[in-house]
Amino acid sequence: MARATEDQTEGNPTIQAEGTPVFTERPAWHAVGKGWRHLHGSVSGAGLSFEWHNFTVRQELNWGQSFHPGTVEVCLNREGNGRVALNKREAAFTPLTIGFYRRGGEELPATRQANQQHQFLTVEMSFDFLRRHLGESVNSLHPLVRDVVSGQSEKSAVAPTTRLTTRQLQLLASLRQAPVLAMAQSVWYQAKAMELAAELFFIAQDDQELFCHRQQRLSVERVEKVVALLRERLANPPTLEEIGQAAGCSPFYLSRTFSAATGRTIPQYVRQLRMERAAELLRSGRFNVTEAALEVGYSSLSHFSQAFHDTFGCCPGLYPLRTPTQKSSLKRRR
């Protein structure tokens, strides 16, 4: 009996042998519309697919519905909080994290939180793709990948996340827009997939860690501390000296590290956090514009309005009218 499988490049079904159910991830992204963008490849064709996501959802999103059976997916998470969990194992995708998980025959529960800006890139690699390219290195692979390549297990599984390195953030940015001619993109994207596989799927012997990797890890840990501190003191941000003391390094070095890792200066990042929090308050319907501005540390309403407009493209007074709750309230007043 034949079956249809989605061709991600064109979005049209193709017929293959074997009587297994059709799989398509498009219903999973129906709620986000253009917030989901296919970049390159096809799981059912080349065994490789790259996708970019940039969206906000009003309700918790069942992210797991997008995972193709028979793949290992890498997620480079820039913004927003996601979770993949199975059998007491969990990958917590907080901002600036990277991780991978295996989707076998059973569903892999995963969610994305509501009322947050989510920005992340995923790379799906089919089991066949991994076997073709990593078969000779099976003994050096992470157990989650090794089981597939060696044929020991194809069940769903989850690996813990780690912090995105500066180099991985740069890679994420380049993957969104391939810097090569269209005719060379298949080669380029496959090379980038193997680059990620080399970084993530291999394990060091005897817990050895290269010096450069250790320095990168320390840098992202510092950035994580800074982001946590900024979130805690959003209305009254700490000084650069206070942040440096908390992170355990000089303010000058911290500024350079933070900008390289996030693509923003610390003041720019503070403003982004403030605007996201203000938008959340306005969407709740429990805060007016003035109250939201004061809650995130703005004493000047004009400065708040300008910053909000720069971030979301509209003034804060109009923003909440986009939500279902506010629209219903507006209709009742009319």
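FYI, the numbering just counts along the sequence from 1. Only this structure's heavy atoms are used, side chains among them; waters, hydrogens and symmetry mates stay out.
- Taking a 6.0 Å sphere around CD of Glu242, one finds it holds more than 12 heavy atoms contributed by other residues, nucleotides or ligands.
- Summarising the geometry of Ala159 relative to Leu144, their closest heavy-atom pair is N-CD1, 3.7 Å, with the distance given to 0.1 Å.
- Residues Phe55 and His118 bring their aromatic ring centres within 6.0 Å.
- Contact record, Cys314 with Phe308: O-CD2, 3.4 Å, taken as the closest heavy-atom pair.
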With salt bridge (Lys or Arg N to Asp or Glu O under 4.0 Å) as the criterion, how do Glu280 and Arg277 come out once you've worked through the C-alpha distance, each side chain's angles and the decisive distance to 0.1 Å? CA-CA 5 Å; Glu280 182 181 344; Arg277 176 59 179 160; 3.3 Å; yes
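- Under a 3.5 Å cut-off, the side chain of Thr161 and the backbone N or O of Ala92 do form a donor-acceptor pair.
- Rounding to the nearest 0.5 angstrom, the gap separating the OG1 atom in Thr311 from the CZ atom in Arg274 is 12.0 Å.
- Checked by atom type, the side-chain pair Gln245/Glu241 shows no donor-acceptor distance below 3.5 Å.
- Two residues are said to be in side-chain contact when any heavy atoms from C-beta on lie closer than 4.5 Å; Val149 and Ser137 fail this criterion.
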Report the C-alpha distance between Leu96 and Val223 in whole Å, list the side-chain angles of each, state the deciding distance to 0.1 Å, and finish with yes or no for side-chain contact (heavy atoms from CB on, under 4.5 Å). CA-CA 9 Å; Leu96 301 177; Val223 171; 3.7 Å; yes
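- Here CZ of Phe50 is found 9.5 Å from OG1 of Thr122. Values are rounded to the nearest 0.5 Å.
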Show your working on side-chain contact (heavy atoms from CB on, under 4.5 Å) between Leu301 and Thr290 and close with a plain yes or no. CA-CA 7 Å; Leu301 193 57; Thr290 302; 4.0 Å; yes
Go through it in stages, so that I can follow the logic: the residues are Asp147 and Lys155, the test is salt bridge (Lys or Arg N to Asp or Glu O under 4.0 Å), and I'd like the CA-CA distance, side-chain angles, deciding distance and then a yes or no. CA-CA 9 Å; Asp147 287 350; Lys155 293 183 178 180; over 6 Å; no
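- Looking at heavy atoms from C-beta onward, Ser153 lies out of side-chain contact with Val148 at the 4.5 angstrom threshold.
- Remark: Lys192 engages Glu195 in a salt bridge, criterion side-chain N to carboxylate O under 4.0 Å.
- Note on ring orientation: taking the six-membered ring where Trp is involved, the planes of Trp29 and Trp36 are parallel (angle under 30°, cut-offs 30° and 60°).
- The number of heavy atoms from other shown groups lying within 6.0 Å of CZ (Arg233) is above 12.
- Residues Met275 and Phe304 meet the side-chain proximity criterion, which asks for heavy atoms closer than 4.5 Å.
- With hydrogens and angles ignored, the 3.5 Å screen pairs no side-chain donor or acceptor of Gln116 with any backbone N or O of Gln113.
- With contacts defined as side-chain heavy-atom distances shorter than 4.5 Å, the pair Glu90/Arg83 qualifies.
- Within the 3.5 Å criterion, the main-chain N or O of Leu141 finds a donor-acceptor partner in the side chain of Arg146.
- Summarising the local packing, CZ of Arg132 is surrounded by more than 12 heavy atoms from other residues, nucleotides or ligands at distances under 6.0 Å.
- In this structure, a donor-acceptor pair under 3.5 Å is absent between the side chains of Asn54 and Glu79.
- Atom-to-atom distance recorded for Leu121:CG and Leu171:CG is 8.5 Å, nearest 0.5 angstrom.
- You'll find the side chain of Arg283 reaches within 4.5 Å of the side chain of Asn115, heavy atoms only.
- Taking CE of Met125 as the reference point, atom CZ of Phe100 lies at 10.0 Å (rounded to 0.5 Å).
- Residues meeting the ring pair (Phe, Tyr, Trp, His ring centres under 6.0 Å) test with Phe258, sequence neighbours left out: Tyr269.
- The nearest pair of heavy atoms linking Thr71 to Ser126 is CG2-CA, 4.0 Å.
- Between Val84 and Leu108, some side-chain heavy-atom pair lies under the 4.5 Å cut-off.
- Considering SG of Cys315 and CD of Gln306, their distance stands at 11.0 Å, rounded to 0.5 Å.
- Around atom CG of Asn87, no more than 12 heavy atoms belonging to other residues, nucleotides or ligands sit under 6.0 Å away.
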Could you walk me through whether Glu73 and Arg103 pass salt bridge (Lys or Arg N to Asp or Glu O under 4.0 Å), step by step? CA-CA 8 Å; Glu73 178 170 288; Arg103 168 62 156 96; over 6 Å; no
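- Minimum interatomic distance between Pro237 and Val270 (heavy atoms only, all atoms of both residues): CG-CG1, 3.9 Å.
- The backbone N or O of Asn288 lies less than 3.5 Å from a partner atom in the side chain of Glu291, making a donor-acceptor pair.
- Between the side chains of His38 and Glu51, no donor-acceptor pair is found at a separation under 3.5 Å.
- Between Thr265 and Gln268 there is a side-chain heavy-atom pair separated by less than 4.5 Å.
- At a cut-off of 3.5 Å, with distance as the only test, a side-chain donor of Gln168 or Glu199 sits close to an acceptor on the other residue.
- You'll find the side chain of Val123 stays beyond 4.5 Å of the side chain of Ser49, heavy atoms only.
- Across every non-hydrogen atom of Ala28 and Ser66, the tightest pair is CB-N, 3.8 Å.
- Side-chain atoms of Ser156 come within 3.5 Å of backbone atoms of Gly104 as a donor-acceptor pair (strictly under, hydrogens ignored).
- Separation of atoms CG (Leu76) and CD1 (Ile98) is listed at 4.0 Å; rounding is to 0.5 Å.
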side-chain contact (heavy atoms from CB on, under 4.5 Å) for Ile266 and Ile243? Distances and angles first, verdict last. CA-CA 10 Å; Ile266 291 177; Ile243 298 173; 4.1 Å; yes
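- Side chain of Ser259 to backbone of Arg256: no donor-acceptor contact under 3.5 angstrom is found.
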Let me see the working for His40 and Tyr189 under ring pair (Phe, Tyr, Trp, His ring centres under 6.0 Å), right down to the final yes or no. CA-CA 8 Å; His40 180 80; Tyr189 273 107; 4.5 Å; yes
From CA spacing to verdict: side-chain contact (heavy atoms from CB on, under 4.5 Å), Leu164, Asn77: CA-CA 8 Å; Leu164 276 166; Asn77 196 62; 5.6 Å; no
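- Minimum heavy-atom separation, Leu39 to Arg176: CD2-O, 3.8 Å.
- A cation-pi geometry, defined here as NZ or CZ lying under 6.0 Å from the six-membered ring centre and within 45° of its normal, holds between Arg112 and Phe120.
- Taking the six-membered ring where tryptophan is involved, the planes of Phe93 and Trp63 are perpendicular, since the angle between them exceeds 60° and thus also 30°.
- Residue Leu175 is grouped with residue Val180 when hydrophobic side chains (ILVMFWY) are merged at heavy-atom distances under 4.5 angstrom, including chains of intermediate members.
- Side-chain N or O atoms of Asp128 include none that pairs as donor or acceptor with a backbone N or O of Arg131 at under 3.5 Å.
- Aromatic ring centres of His303 and Tyr298 lie farther apart than the 6.0 Å criterion allows.
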